[in-house]
Amino acid sequence: MYSFEEIANADPQIASAISMEIQRQKDNIELIASENLVSRAVMAAMGSPLTNKYAEGYPGKRYYGGCEYVDIAENLAIQRAKEVFGCEYVNVQPHSGVQANMATFFAVLKPGEPIVGMSLANGGHLSHGSPVNLTGKYYKVSSYGLGEDGRIDYDEVEQLVCRVRPKLIIAGASAYPREIDFKRFRQIADMTGAYLMADIAHIAGLVAAGQHMSPIPYAHVTTTTTHKTLRGPRGGMIMSSNEFDQKINFDKAIFPGIQGGPLMHVIAAKAICLKEALSADFKKYQEQIVKNAKALAKALIEKGFNVVSGGTDNHLVLVDLRNKGITGKDAEHILERANITCNKNAVPNDDQKASVTSGIRLGTPTITSRGMTEEDMYIIADCINMMIDDIDANENKVRRIVSDLVEKYPINY
Ligand code: DSN
């Protein structure tokens, strides 16, 4: 809608930063599991004049005049989210996944009430009760980890829930490579009358395309981001049944509970991404994300890497580097030198602090959006292996391989 030249004319310093970031995205093999590349239509909606509009409230019930057109955008986003995920109630206003979680906690819990979530060190998320997060300070948190096999030990979760009798159980993760059994979580919740919240921020695209069990039939409430596997704008959503929403009132929890004016340009972009998520191409794309992650895990295992849980069911691979004698922090820096971007990540029973860690998390959503397939995963695994094995001997060679690969799959900004 507006050209890059306009930014360059108005603010050359910002134009330069944007330009360099565009080049970085083009030149890098992006393996950060929570990132993706949005469509041009999603990008355009985010840069549209809808950003100028205040629309506190909800469609048809706003606190400002002139909302008739942004109401169309929000209603479309809501209708499409219902269709994509098969749910009855949706709130598309959360500015982020954390805001969606905060609003849910605010609606369901009183300060000090007990919750159970996966620990950050084992793949959970900050907003699931980490001691350094508001959720860890305002609620009484008990955390579950992983079993010896790197998978959620549902019996352990059951015992924990029966012992602490939480008001809310959180099923969801940021660095967990296996399918989450939402049905089992609901059975556990029902044993003590707890509410179940599923956070599908990472796997929303997979759920939308039937590549992961949907939590909608099981969870009382489901939160998500829209910008990870779902490939939409940065933002969040809350989903529930009408019956549970009538009891809890999620709309009120978002506004006026924890947010003011909704980001209408982002909500329009959410509507577009949800329309894209209804297409046959999107289903194929999500299938390919999983195929690529499985191929990447297999190739890394063949090269002697210790892949947590022995593989993956979703879009990410968690690598424990302790047998390679390198920390996650150093591996992240070494790979960056060859334009391979990933993030250091704690692995089960990690003895390193969070700013160092013993592992890396690798995700396939972005490289799959570029068009890469299984055979490219073997090339990437080879590059990772060469860099970690002997950077001095291999850096130039790997840089050339990466450069050829990104040229083969260009990003058309
Ligand atoms: N920062 C996100 C991630 O990388 O998983 C979670 O919010």
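In listed order, ligands and their atoms are each counted from 1. None of these values were measured; they are calculated from a predicted model.
Using bins of under 30°, 30° to 60° and over 60° for the plane-to-plane angle, the ring pair F105/Y139 lands in the perpendicular bin.
Heavy atoms of other residues, nucleotides or ligands lying less than 6.0 angstrom from NZ of K167 number more than 12.
Every atom of ligand 1 with a heavy atom of R361 under 4.0 Å away is listed here by number and element: 3 (C), 4 (O), 5 (O). Listed by number with element, the atoms of ligand 1 under 4.0 Å from a non-hydrogen atom of S174 are 5 (O), 6 (C).
In this structure, I267 and A77 approach most closely via the heavy-atom pair O-CB, 3.9 Å.
Residue H202 holds the heavy atom nearest to atom 5 (O) of ligand 1 of all those in H202, H125, E35.
A search for side-chain contact (heavy atoms from CB on, under 4.5 Å) contacts involving Q159 returns nothing, not counting sequence neighbours.
With respect to atom 1 (N) of ligand 1, the closest heavy atom belonging to the protein is S34 OG, 4.6 Å.
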